[in-house]
Amino acid sequence: MGEKEKDMEQPASAYFIEDRHDPIERHTLSVLVDNEPGVLARVIGLFAGRGYNIESLTVSETEHAKHLSRITIVTTGTPMVIQQIKNQLDRLVPVHRVVDMTLVGRSIERELAMVKVRGTGDHRVEALRLADAFRARVIDATVESFVFELTGDSDKIDQFVELMLPLGLVEVSCTGVAAISRGPEGM
Amino acid sequence: MSKDPESGNGEQMTGAAMVVRALVDHGVKHLFGYPGGAVLPIYDELYQQSDVEHILVRHEQGAGHAAEGYARSTGKPGVALVTSGPGATNMVTPLTDALMDSIPVVCITGQVPTHLIGNDAFQECDTVGITRPCTKHNWLVKRIEDLPRVLHEAFYVASSGRPGPVVVDIPKDVQFATGTYTPPRPSDKHVSYNPRVKGDAASIRKAVELMANAKRPVIYSGGGVVNSGREACQLLRDLVELTGFPITSTLMGLGAYPASGANWLGMLGMHGTYEANMAMHDCDVMLCIGARFDDRITGRTDAFSPGSKKIHIDIDPSSINKNIRVDVPIVGDVGNVLADLIAAFKAQQARPAIKSWWSQIAQWRARNSLAYRQNKDVIMPQYAIQRLYELTRGRDTYITTEVGQHQMWAAQFYGFDEPNRWMTSGGLGTMGYGLPAAIGVQVAHRDSLVVDIAGDASVLMTIQEISTAVQHELPIKIFILNNQYMGMVRQWQQLLHGNRLAHSYTEALPDFVKLAEAYGGAGIRASKPAELDGAIEEMIRVKKPVIFDCRVANLENCFPMIPSGKAHNEMLLPAEANDEATAAAFAGGKALV
């Protein structure tokens, strides 16, 4: 039994005893908020206080003139919990809109990773060859190391990092997921 | 104060003056507070005016609960003013209480000057950080330019949608700074917070369809009806009249439908009546109005009302499908939705066939689940509430409570016929709420009879506020059901912890009569049933704060009861609560609260 399933057996929430076979889903939420002090703390505090999961969270001001920021959250939970999360976010005073990018469908998700690999000889050549196959760019190099810059969805980045592991992976710095919908409409 | 030459529609004044002006502009007549270094400029402004009356409490928690009592009894936001640091941290309990029970409270806190924030200055704390999870919203105002807007926004957020507490944290230098004050403009739409008021028409049609064809319907109403206002309460009564449906209510919703009404089943939930809980369990259509399926209400959720279609009216979308999955959610203001619902129901001209349902309910009623054993020599706590009710019912009475057995007996035995007459800490369960809340109620209703039905343990948590009542000539009555125990704690220890009464007996209670006199109030004691009526009448007669030490049967417990983890139809009735039945009923529920 996984960690998540164990969590759901809390006696305080008897409902989940009935509900525990509900599948756990992974959703990406885009949240448009006023860029004011404490707004991120409100969002994170909500997740922590109510026991929701955060798999990834990115935030940046996106409309400077209107002081609006866009938070992208990747979270997991049963469909009922995901709906709760959206409703709870939506009732925060500085939140303008909450869009479930997973339900909207066909949304594009990207993250950026910088991957440091240390090695010489065959490993170094192999790392460079794989980076080329993944369309990663070399943004720093020494005689015994590379830093690659890679953009893509989370799976692509995970896969690249895994391949670098035996080739001398030192560390990874990753932005987390940013998401946007396809087509002409905004959120 | 002069007109601002540039904007033409604002006045120049200090931040402290803006606070007082904004209070006046929002119709605030009273505020509850306690001065300190970081709010002195505001107190200086208060001193020089007479539009807003300040009630000086003895502890900031008292100011918060008084503001709550004021708000619950008037429907208008209660206002509290406290200083930085400990002043703000002492407000955390009332703020959380107000958040759980959806009570509009505007709390203004002083803060150290902006250049000292983050320096661990004297009486500094991260007020917005500490109160973020216990407010609906909060603001730290670092610039005088933002202050008027934030003050107006604070009143808007506190009282619109699902009401709740807000905090405006104002550094001392901002209180001294001069800026332009602009009055509130109700036409201004909030940029991001605009709760939905009108219910979806298609959902209302679906609800009416279910109601019209119901064979075993029940209305389950809550505090949201009271919060929605007098009109919503009237509409609820109209709906009951129109449909003939039975109605039960949560602790928070008592009085929205009159306890003397023919369709009243009594309160539901853990200590609700047998008929209310059985009706909830066996119904085929449940209409939940402004309630939130709290765990005290539902009992075991996977066995909660298994055969019913559920309709849920709530202004807060996050309340819907949180604990219980419902079939027809309707997001909107209760009053607004009920008006549409009634119109749609009338248009259907439906006459639900519910006669046999009512005869089933009559059988449940006949179990008389609130029965207790009367005693000639000792005052039974239930009897004390019944007598208090009988002797005050014709009057203009408001009741507050603390938390525990006395609170449940008050809910069971005091009949509330009007909304806003019942102030109790429901969600948070704050012992010490009732006395300061009574002060807030009495401030709003100077000539009414305000009684805090208290327990001997709870009342000691905020007993110092008697001094506030004496100072401001607020003749509140503290009616203590004194059994010398933390009764509800003891009841759980008896039922779930092998009768090991760990620290639930108060070994050194004060002499409450002398205590009242020491504070400058009046003390009354009754220990025999025969002297109870006379003593209550005397309490009503005395025109100053009274502590009534009502000595009741020490070991009486509160029934009926749904044991934790059990379903509505597994209630333990008083007549059946022998040792064996009790042990069986509570088996396995120990881990639950």
When you look at CG of N194(B), are more than 12 heavy atoms from neighbouring residues, nucleotides or ligands closer to it than 6.0 Å? yes
Residue K156(A) excluded, over 12 heavy atoms near NZ under 6.0 Å: yes
Of all the heavy-atom pairs spanning N321(B) and M80(A), show the shortest one and how long it is. O-CE, 3.1 Å
Flag if over 12 foreign heavy atoms under 6.0 Å of CZ, R137(A): no
Taking all non-hydrogen atoms of both residues into account, name the closest pair between S192(B) and P94(A) and its distance. OG-CA, 3.8 Å
Taking side chain to side chain contact (heavy atoms under 4.5 Å, CB included) as the definition, give me every residue that meets it alongside L165(A), ordered by chain and number, with sequence neighbours left out. L169(A)
Rounded to the nearest 0.5 Å, what's the gap from CG on L46(A) to CZ on R132(B)? Could you check? 12.0 Å
If you draw a 6.0 Å radius around NZ in K309(B), do more than 12 non-hydrogen atoms from other residues or ligands fall strictly inside? no
Across all chains, not counting sequence neighbours, the side chain to side chain contact (heavy atoms under 4.5 Å, CB included) partners of S319(B) are R162(B), R292(B), H312(B), D314(B), D316(B)
Which bit of I320(B) is near chain A, if near means a heavy-atom gap under 4.5 Å: side chain, backbone, both or neither? backbone
Side chain, backbone, both or neither: which part of P317(B) has an atom under 4.5 Å from a heavy atom of chain A? both
Can you tell me how far the NZ atom of K322(B) sits from the CD atom of Q88(A), to the nearest 0.5 Å? 6.5 Å
Charged N to carboxylate O under 4.0 angstrom, D22(A) versus R325(B)? yes
Heavy-atom proximity to chain A below 4.5 Å, by part of V191(B): both
From the list L92(A), V95(A), L32(A), D90(A), the residue making the most non-hydrogen contacts under 4.5 Å with chain B is V95(A)
Is the count of non-hydrogen atoms from other residues, nucleotides or ligands lying under 6.0 Å from R118(A) atom CZ greater than 12? no
Heavy-atom donor-acceptor pair, S318(B) side chain to N87(A) backbone, under 3.5 Å: no
If you count every heavy atom of other residues, nucleotides or ligands that lies below 6.0 Å from I180(A) atom CD1, does the total exceed 12? no
Point-to-point distance, once rounded to the nearest 0.5 Å, from CZ of R42(A) to OG1 of T135(B): 6.5 Å
